[in-house]
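Hydrogens, waters and symmetry mates play no part in the numbers below; they use all other heavy atoms, side chains included.
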Amino acid sequence: MLEKTYQPATIEPRIRDDWEKAEAFKAGKPERAKATPYAIVIPPPNVTGSLHMGHALNNTLQDVLCRFERMRGKDVLWQPGTDHAGIATQMVVERQMMERQEPNRRDIGREKFVEKVWGWKEESGGTIVNQLKRLGASCDWSRERFTMDEGLSKAVVKVFVELHRAGLIYKDKRLVNWDPKFQTAISDLEVVQVEKRGSFTWICGDPEKPFEADALGKVLAKDPSGHMYHFRYPLTKAVAGYDKDYIVVATTRPETMLGDTGVAVHPEDARYAALVAAKATVTLPLAGRVIPIVADEYSDPEKGTGAVKITPAHDFNDFEVGKRQGLDKINVLTAFGKMTDDVPEAYRGLDRFEARRRVVADLNALGLLEKIEPTSHTVPHGDRSNVVIEPWLTDQWYCDAATLAKPAIAAIESGKTQFVPKNWEKTYFEWMNNIQPWCISRQLWWGHQIPAWYGPDGKFFVAEDESSAADAAKKHYKADVVLKRDEDVLDTWFSSGLWPFSTLGWPGKTPELKRFYPTSVLVTGFDIIFFWVARMMMMSLHVMKEVPFKDIYIHALVRDEKGQKMSKSKGNVMDPLVIIDEYGADALRFTLARMAAQGRDIKLAKATVEGNRNFATKLWNAARFAEMNECVRQRDFDPKKIKQPLNRWIAGETERAASAVTAGLEAYKFNDASGAIYDFVWGVFCDWYLELIKPILMGDDDIAKTETRATVAWVLDQILKLLHPFMPFITEELWAHMVEHGVARQSLLTLSEWPELKGLSNQAVDDEIGWVVKLISEVRSVRTEMNIPAGAKIPAIVSGASAETQTRARDHDETIQRLARLESITFAKTAPKGSALIVIGEATVALPLEGVIDMDAERKRLEKGIAQAESDMGKAQAWLANDSNVAKSPEHVVELNRKRVTDGTETIKRLKAALKRIEA
RNA sequence: GGGCACUUAGCUCAGCGGUAGAGCACUUCCUUGACAUGGAAGGGGUCACAGGUUCGAUCCCUGUAGUGCCCACCA
């Protein structure tokens with residue numbers, strides 16, 4: 001016997017065990033050898049992470065698809081695994097070491113540190129996996145992978161070596177985004193632009209009367225960023241045709257002026273033509289270095305003074321200008337963002353922001369600070385470290401992304417892989433067409449160490465292992481040499497990019513690779529289209545010569561109910577595990593699926609989850625009702641052979657619901673699919689069908705009763721199946737309760753067959769039950785409006801009814817009486833006086849309530865009905881009066897409006913007649 | 001600067017060329033033999049604004065305003 005209320009917390013772990021014991025989610029089972037393969041690779045969560053709402057949504061959708069396809073008989077592989085997440089993980093462990101006041105990673109050295117991270121991975125790496133299981137994820141857990149496990153690491157090395165051999169990976173010295181906190185280079189994608197606005201109001205300077213030192217110092221002490229500083233660089237000597245002895249340049253980063261090696265003006269800029277012609281030079285203030293004024297297209301005459309300082313070692317644009325103009329590159333910053341020894345002694349070792357203040361103050365003292373103005377500009381920050389990123393000159397490994405992008409673009413253009421929704425293609429193309437070299441090396445310790453070994457002269461040998469590198473070195477040096485391995489590791493996304501094939505066993509020629517590659521669909525959020533999706537497309541096409549997946553389903557991000565991004569600092573994080581504890585995994589999953597249609601974000605409120613928990617309870621109680629009424633599944637039950645109209649009707653409704661759910665899932669319209677089953681279960685099955693059949697179940701027509709019981713059991717089975725992808729736990733639990741011939745069911749719902757229903761719907765039956773439903777609704781409506789006590793039973797007298805209507809009324813007599821709380825239904829030529837009247841089609845139903853009803857209220861009710869009917873009919877009439885409407889509209893629309901007029905006329909006539917009787 | 005979206009009931013959002021829907025909230029009533037995590041009946045919307053296309057526009061097109069996001073740049 002089912003408990004009165006549904007308790008997810010006690011059920012879920014047990015169901016999970018059942019699935020595990022049955023190895024229900026194992027891919028490649030022999031009995032499915034002939035089935036169509038269906039594969040999804042999970043977006044691997046960070047191994048040290050824990051489940052957040054984004055994961056919950058992402059994995060719910062994948063699980064819905066996997067369960068759906070599994071039930072449709074496919075051989076489903078949902079490939080799980082985790083990502084080593086270089087920076088993030090190293091950060092977590094380092095922070096932990098700091099909190100425990102242990103020696104830092106540099107003190108203990110690389111080997112010991114990496115060992116520690118592995119320890120941490122072993123200890124907490126299972127957390128997120130267990131959390132995914134709590135959500136109900138039907139992954140093939142026996143195939144779990146980790147980006148740094150042996151097989152995947154082999155794949156990484158092999159791809160690196162091959163790309164290097166093909167010239168698509170190379171080493172280069174150029175500016176990178178340097179993170180002074182984590183001491184590593186990061187890729188463009190890991191840089192976020194943060195808006196900076198000056199924190200002090202604008203201050204206009206006057207070089208003749210410099211700022212008072214204290215006042216300026218106070219201002220600068222606040223926050224020296226977000227301002228534009230205008231400096232005078234004195235000319236080394238006067239130039240004929242140029243009326244000043246200095247040139248003004250502006251910058252938001254004063255400290256970098258110590259690394260200036262030129263000033264650029266536009267070649268066409270008349271103001272500076274004399275300076276260019278004279279090959280004028282300026283003396284760089286503070287440093288005392290003489291630097292040239294060069295003509296370069298980069299400088300924009302419209303901006304500032306049209307003259308721009310050039311710091312090739314610390315600015316991406318300046319780097320290019322420097323290259324064109326042959327300017328020196330002077331590095332003035334250390335890896336930690338402090339001034340190097342290549343600046344005047346006074347600034348050496350200063351932090352970059354302190355140096356900024358000093359430079360401004362010192363230039364002011366020299367009368368070279370023209371003005372300071374507040375400005376609004378964006379400053380690059382590390383997405384993890386949140387510190388200001390420095391463009392910094394270093395040796396790094398790069399991947400020629402532009403070349404790899406070409407086939408990846410073509411694959412989407414040709415439709416071999418398609419985005420759902422399609423509009424994400426544009427974003428993808430936009431980025432791929434402008435893709436920059438990808439910096440793949442990181443100065444971290446946790447990750448795949450780059451397979452390059454250096455000889456004594458710095459020449460490197462890229463090889464799959466040290467001995468191959470040694471062989472190559474020996475050939476080159478004609479002697480044995482000591483090799484030193486490159487200390488850098490690869491960007492995390494390098495290994496993630498191989499995920500669709502590395503997890504299937506590549507470079508081995510495994511049966512899984514053959515069977516499941518390319519995978520069916522990738523389900524992910526739009527925030528990692530560039531980071532991950534694009535890289536998988538590039539890598540997979542290069543290595544496998546085949547797309548990694550056929551569809552890319554992009555879903556929204558989950559935000560809080562106010563639409564703000566959930567973040568720990570804002571304190572608005574909704575923990576999926578807390579929600580699961582409170583409402584059950586099914587309620588959370590169903591909520592996320594129902595909201596999955598939204599454009600770019602999902603605003604999640606607790607109340608919504610609660611509503612869906614209530615839906616689960618509703619289903620639970622419907623099953624309980626079935627159980628109490630001995631609605632037992634019959635083995636040979638055939639829905640096509642149903643006789644009772646109510647049962648035929650619900651069979652037809654079930655078919656409609658099933659096809660709506662199927663169609664929704666096939667089109668990745670999770671909201672449509674989940675909405676269809678919700679409406680059917682609550683709005684049709686519970687609200688109407690179960691109520692309508694009660695008289696039969698309690699009656700003594702055994703044939704009808706037997707058929708109805710069997711139908712209830714059958715419909716419930718269909719419901720459990722249709723709902724299972726969304727709510728796997730409660731459905732599996734109820735499935736187990738639905739006995740068959742007195743024997744508890746042995747099979748698992750998750751392995752049952754998906755309903756493919758056909759030929760169950762019948763128009764005549766739908767009309768018949770539709771009439772019953774309409775009558776009941778109308779009576780209920782009148783009862784409320786007439787303030788008839790809910791408990792009072794009243795008679796109903798039907799007049800003007802056709803033979804068909806009379807038959808319907810007689811056939812469903814008991815049902816109608818029960819649901820409309822009627823005492824009797826009788827027929828008469830005319831409606832008795834003093835009645836409330838209901839008009840349905842050709843018939844009028846009278847509720848004789850003389851003395852009970854308020855005639856005034858009845859008049860108002862009828863008048864309202866007439867007004868509504870007249871307005872509706874009037875619209876239809878006006879529409880028909882327009883000849884072009886009739887001439888140019890499709891027939892069914894014309895027909896619809898004609899019907900509105902005829903039906904409306906009839907209704908109005910009867911309502912008016914009813915009104916007249918009252919007034920009489 | 002370039003791009004992508006969004007604007008529908010008090011709130012959160014579906015819908016989409018043929019007389020506007022759901023959940024929550026609200027009002028009234030109901031402990032009726034599955035369910036008060038429930039049932040019944042209601043109230044509430046010129047579908048942001050202005051043009052256009054169409055027999056017909058909430059839906060398609062153009063523009064305006066507001067909002068959000070992505071990319072790039074910023075002397």
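- When the C1' atom of B:C73 is taken as reference, atom CG of A:Asp318 falls 14 Å away, rounded to whole Å.
- Pairing partner, B:U62: B:A50, with both Watson-Crick or wobble hydrogen-bond distances short of 3.5 Å.
- When the nucleotides B:U12, B:A34, B:A75 are ranked by their closest atom to the side chain of A:Met595, B:U12 comes out on top.
- Taking atom CG on A:Leu896 and atom P on B:G18, their separation rounds to 11 Å, with Å as the unit.
- With a cut-off of 3.5 Å on both pairing distances, the Watson-Crick or G-U wobble partner of B:G38 is B:C30.
- Under the 4.5 Å side-chain criterion, counting only non-hydrogen atoms from C-beta, A:Arg232 is not in contact with A:Ile247.
- Closest to the side chain of A:Arg818, from the set B:G38, B:G33, B:C55, is B:G33.
- Side-chain nitrogen and oxygen atoms of A:Thr305 include none within less than 4.0 Å of the OP1 or OP2 phosphate oxygen of B:A75.
- Distances were taken from every side-chain heavy atom of A:Met698 (C-beta onward) to each of B:C55, B:A34, B:C29; the shortest belongs to B:A34.
- For A:Trp620 and B:G38, the CH2 to C1' distance is 17 Å, given to the nearest whole Å.
- Rounded to whole Å, the P atom of B:C29 lies 32 Å from the corresponding atom of B:A20.
- Contacts of A:Trp879 with the nucleic acid, taken as non-hydrogen atoms under 4.0 Å apart, include base atoms.
- Remark: the separation of the C1' atoms in B:A14 and B:U27 is 25 Å, to the nearest Å.
- Look at the P atom in both B:A9 and B:G21: the space between them is 14 Å, to the nearest Å.
- Regarding A:Lys888, its NZ atom lies at a distance of 8 Å from the P atom of B:U54, rounded to whole Å.
- Proximity of the aromatic rings of A:Trp620 and A:Tyr6 is defined here by a centroid distance below 6.0 angstrom, and this criterion is met.
- When rounded to the nearest whole Å, the span between CG of A:Leu775 and P of B:A41 equals 13 Å.
- In this structure, A:Phe685 and A:Tyr689 have parallel ring planes: the angle between them is below the 30° cut-off, well short of the 60° mark.
- Relative ring orientation between A:Tyr553 and A:Phe670 is described as perpendicular, the plane-to-plane angle rising above 60° on a 0-90° scale split at 30° and 60°.
- Ring centroids of A:Tyr246 and A:Tyr233 are separated by 6.0 Å or more, keeping the two rings apart.
- Comparing the P positions of B:A5 and B:U62 gives an interatomic distance of 12 Å, to the nearest angstrom.
- When Watson-Crick and G-U wobble pairs are counted only if both distances are under 3.5 Å, B:U67 pairs with B:A5.
- Of the side-chain N and O atoms in A:Asn787, none sit less than 4.0 angstrom from OP1 or OP2 of B:C29.
- Among the heavy atoms of the strands, none lies under 4.0 Å from A:Arg783.
- No N or O donor and acceptor, one from the side chain of A:Lys426 and one from the base of B:C4, sit under 3.5 Å apart.
- Across all strands, A:Ala626 comes closer than 4.0 Å to no nucleic acid atom at all (heavy-atom distances).
- A:Val893 comes within 4.0 angstrom of a nucleotide base, judged by non-hydrogen atoms across all strands.
- Note: A:Tyr428 and A:Trp424 fail the aromatic proximity criterion, with ring centroids not under 6.0 Å apart.
- Among the heavy atoms of the strands lying under 4.0 Å from A:Asp687 are primed sugar atoms or P, OP1, OP2 only; no base atom is included.
- Comparing the same atom, P, in B:C71 and in B:G51 gives a spacing of 38 Å after rounding to whole Å.
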Apply side-chain hydrogen bond (donor to acceptor under 3.5 Å, both in side chains) to the pair A:Glu190 and A:Ser187, showing each step before the final yes or no. CA-CA 5 Å; A:Glu190 290 158 284; A:Ser187 75; 2.9 Å; yes

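- Within the structure, a side-chain polar atom (N or O) of A:Lys864 is placed less than 4.0 Å from OP1 or OP2 of B:G43.
- Tested against A:Thr591 for a side chain to side chain contact (heavy atoms under 4.5 Å, CB included), the candidates A:Ile579, A:Asp586, A:Thr608, A:Ile602 yield a single pass: A:Thr608.
- Between the NZ atom of A:Lys422 and the P atom of B:A5 there is a distance of 13 Å, rounded to whole Å.
- Within the structure, a side-chain polar atom (N or O) of A:Lys4 is placed less than 4.0 Å from OP1 or OP2 of B:A36.
- Nearest to the side-chain atoms of A:Lys603 among the listed nucleotides B:C13, B:G38, B:G33 stands B:C13.
- At a threshold of 4.0 angstrom between heavy atoms, the contacts of A:Phe685 with the nucleic acid are absent.
- A gap of 12 Å separates the C1' atoms of B:C61 and B:U54, to the nearest Å.
- For A:Ala607, taking side-chain heavy atoms from C-beta onward, the closest of the listed nucleotides B:C69, B:C24, B:U19 is B:C24.
- Distances were taken from every side-chain heavy atom of A:Lys303 (C-beta onward) to each of B:A75, B:G18, B:A41; the shortest belongs to B:A75.
- Summarising the base pairing, B:G21 is matched to B:C13 through a Watson-Crick or G-U wobble pair whose two defining distances lie under 3.5 Å.
- One N or O donor and one acceptor, one from the side chain of A:Ser889 and one from the base of B:C55, sit under 3.5 Å apart.
- The nucleotide B:G43 finds no pairing partner, because no Watson-Crick or G-U wobble arrangement with both distances shorter than 3.5 Å includes it.
- Ranking B:G38, B:U32, B:C55 by closeness to the A:Pro890 side chain, first place goes to B:C55.
- Base engagement by A:Thr617 is indicated by at least one non-hydrogen atom pair under 4.0 Å involving a base atom.
- Comparing B:C55, B:A34, B:C70 by their closest approach to the side chain of A:Asn882 singles out B:C55.
- Side-chain atoms of A:Thr261 and A:Thr311, non-hydrogen and from C-beta on, never get closer than 4.5 Å to each other.
- Across the P atoms, B:A41 and B:A57 are found 34 Å apart, a figure rounded to whole Å.
- Side-chain N/O atoms of A:Glu778 and base N/O atoms of B:A41 include no donor-acceptor pair closer than 3.5 Å.
- Nearest to the side chain of A:Ala250, among B:A75, B:A5, B:C29, sits B:A75.
- When the side-chain nitrogen and oxygen atoms of A:Trp682 are compared with OP1 and OP2 of B:G39, one or more of them lie within a distance under 4.0 Å.
- At the phosphate of B:U19, OP1 or OP2 sits under 4.0 Å from a side-chain N or O atom of A:Arg900.
- Comparing the P positions of B:C47 and B:U58 gives an interatomic distance of 7 Å, to the nearest angstrom.
- Across the protein-nucleic acid pair, A:Ile677 atom CD1 and B:A22 atom P stand 19 Å apart, rounded to whole Å.
- Atom C1' of nucleotide B:C4 and atom CZ of A:Phe429 are separated by 15 Å, given to the nearest angstrom.
- Distances from the side chain of A:Lys875 to the nucleotides B:U19, B:A34, B:A75 place B:U19 closest.
- Note on ring orientation: taking the six-membered ring where Trp is involved, the planes of A:Phe726 and A:Phe590 are perpendicular (angle over 60°, cut-offs 30° and 60°).
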